[in-house]
Amino acid sequence: MTLRIVGLNAFLPGFRLVHEFAEQNGHELVLVVTLPETGRYGADDPMVAGLPDETNVLITRKLRTVAAPVIAALRPDVVISAAFPRLIPDEILEIPKYGAINCHPSPLPAGRGPTPQRLIYEGDERVGATVHRTASEFDTGAILAQRITPLPDDLNGTGLMQSWGTLLRECLAEAVPRMVAGDPGEPQDPALASEAPFFTDAERLLDLTEPSRVIRRKCAALNVTAPSALADLDGATHLIVRTDPADVSRSAAPGTVLARHDDGWTVQTADHALRLTRG
């Protein structure tokens, strides 16, 4: 069965997830709805500039009055949102033949909200991904597929993104056939729900006296969509784009700089040395 799919994406990896699923399964991605970046419309928008030339794209913030009529005219079978930071109104949810689903990078109901990587920042040693039916509230719909795996060996923002990509592809491959078959999915347990709000400025600053695993986890979570981890070193605050274990023979007090490099530092943490790469 060939499905007509409308994607709602405001971040290129989200678009690629939906586009790849459609291509690999012989479905047709008839429209991509995205949001304008502040001050930019059309081809100058980085999201739009990264789309294949043949993509039909609608750029709008007006989901009810602009997006809904356009989507309805295309008579889609499925609406798939991935990395779309707006509540999708009922005017869109009621359109597709088989329903609307959302791709969320957390083991829902834990990690609802705009910053699901907060779970990892706060201590979760797992990467989770969920595809669920889209409901009238963020990340609350019935679950159609879920995958959970340990944190990647490359414990950096890029490593987390790769893990999520793999898990969400698997989830889509399971969830869409279930949805088409009329499977309602498993309701989420509200008692297990947690929220994942944006990081504060204070949370962005790494404490280099903490254990190395904690620092690596926090830095990776902060650098998922764009580098935002910070560290105070050599009298200034620097952007830290990745961390790696460092094999050094000497140790010192936690937070001590053990070596300086052209692109960063080796620092003693509470237990092991870490190589910090600056942006």
Side-chain angles (χ1 to χ4, degrees), residues 1-29 32 50 52 76-85 88 96 98-120 124-135 138-189 192-194 196 217 220-221 224-225:
M1 176 190 298
T2 298
L3 299 175
R4 293 172 59 80
I5 298 173
V6 169
L8 278 69
N9 316 112
F11 184 46
L12 273 173
F15 161 77
R16 293 182 185 126
L17 175 70
V18 179
H19 182 261
E20 179 184 289
F21 170 78
E23 277 200 331
Q24 291 182 349
N25 293 277
H27 303 314
E28 184 181 3
L29 184 58
V32 172
D77 297 303
V78 180
V79 167
I80 303 177
S81 55
F84 191 76
I88 301 171
Y98 298 110
I101 54 176
N102 180 58
C103 303
H104 190 74
S106 85
L108 290 173
R112 292 174 176 172
T115 316
Q117 63 267 36
R118 175 176 284 280
L119 295 178
I120 295 168
D124 199 334
E125 288 285 334
R126 309 168 302 161
V127 180
T130 307
V131 172
H132 61 93
R133 288 186 175 273
T134 309
F138 280 118
D139 308 322
T140 58
I143 294 171
L144 289 165
Q146 188 170 92
R147 298 288 188 277
I148 299 174
T149 190
L151 290 177
D153 293 335
D154 178 18
L155 187 47
N156 284 288
T158 52
L160 293 180
M161 285 294 291
Q162 290 172 356
S163 294
W164 275 318
T166 298
L167 298 182
L168 285 170
R169 284 192 292 271
E170 293 177 3
C171 285
L172 269 181
E174 177 185 344
V176 173
R178 286 185 64 182
M179 178 175 60
V180 170
D183 190 329
E186 290 79 41
Q188 297 185 36
D189 184 351
L192 301 177
S194 64
R217 229 183 32 242
V224 164
T225 56

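When a residue number appears, it is its place in the shown sequence, counting from 1.
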Next item on the list: Give, for atom CZ of Arg16 and atom CZ of Phe11, the distance between the pair rounded to the nearest 0.5 Å.
Entry: 8.5 Å
Notebook entry, point to check: What class does the angle between the rings of His27 and Phe21 fall in, given that below 30° is parallel, 30 to 60° is tilted and above 60° is perpendicular?
Noted result: tilted
Next item on the list: Any chance you could measure Leu172, atom CG, to Leu144, atom CG, to the nearest 0.5 Å?
Entry: 10.5 Å
Note to self: Quick check: do Met161 and Pro13 have side-chain heavy atoms less than 4.5 Å from each other?
What the structure shows: yes
Check: Does any non-hydrogen side-chain atom of Pro52 lie less than 4.5 Å from one of Phe15?
Finding: yes
Note to self: Side chains of Arg217 and Glu125, heavy atoms from C-beta outward: is any pair under 4.5 Å?
What the structure shows: yes
Next item on the list: Indicate yes or no: at least one non-hydrogen side-chain atom of Pro76 is less than 4.5 angstrom from one of Ile5.
Entry: no
Check: Do the charged groups of Arg112 and Asp139 touch, with an N to O distance under 4.0 Å?
Finding: no
Notebook entry, point to check: Closest heavy-atom contact between Pro96 and Ala100?
Noted result: CG-N, 4.1 Å
Notebook entry, point to check: Considering only heavy atoms from C-beta outward, does the side chain of Ile80 approach that of Val131 to under 4.5 Å?
Noted result: no
Margin query: Are the side chains of Thr149 and Thr166 in contact, using a 4.5 Å heavy-atom criterion?
Written below: no
Item checked: Heavy-atom side-chain contact between Leu151 and Val127 under 4.5 Å -> yes
Next item on the list: Please tell me if the side chains of Pro105 and Val224 come closer than 4.5 Å, counting only heavy atoms from C-beta onward.
Entry: no
Check: Any side-chain donor paired with an acceptor under 3.5 Å for Asn102 and Ser81?
Finding: yes
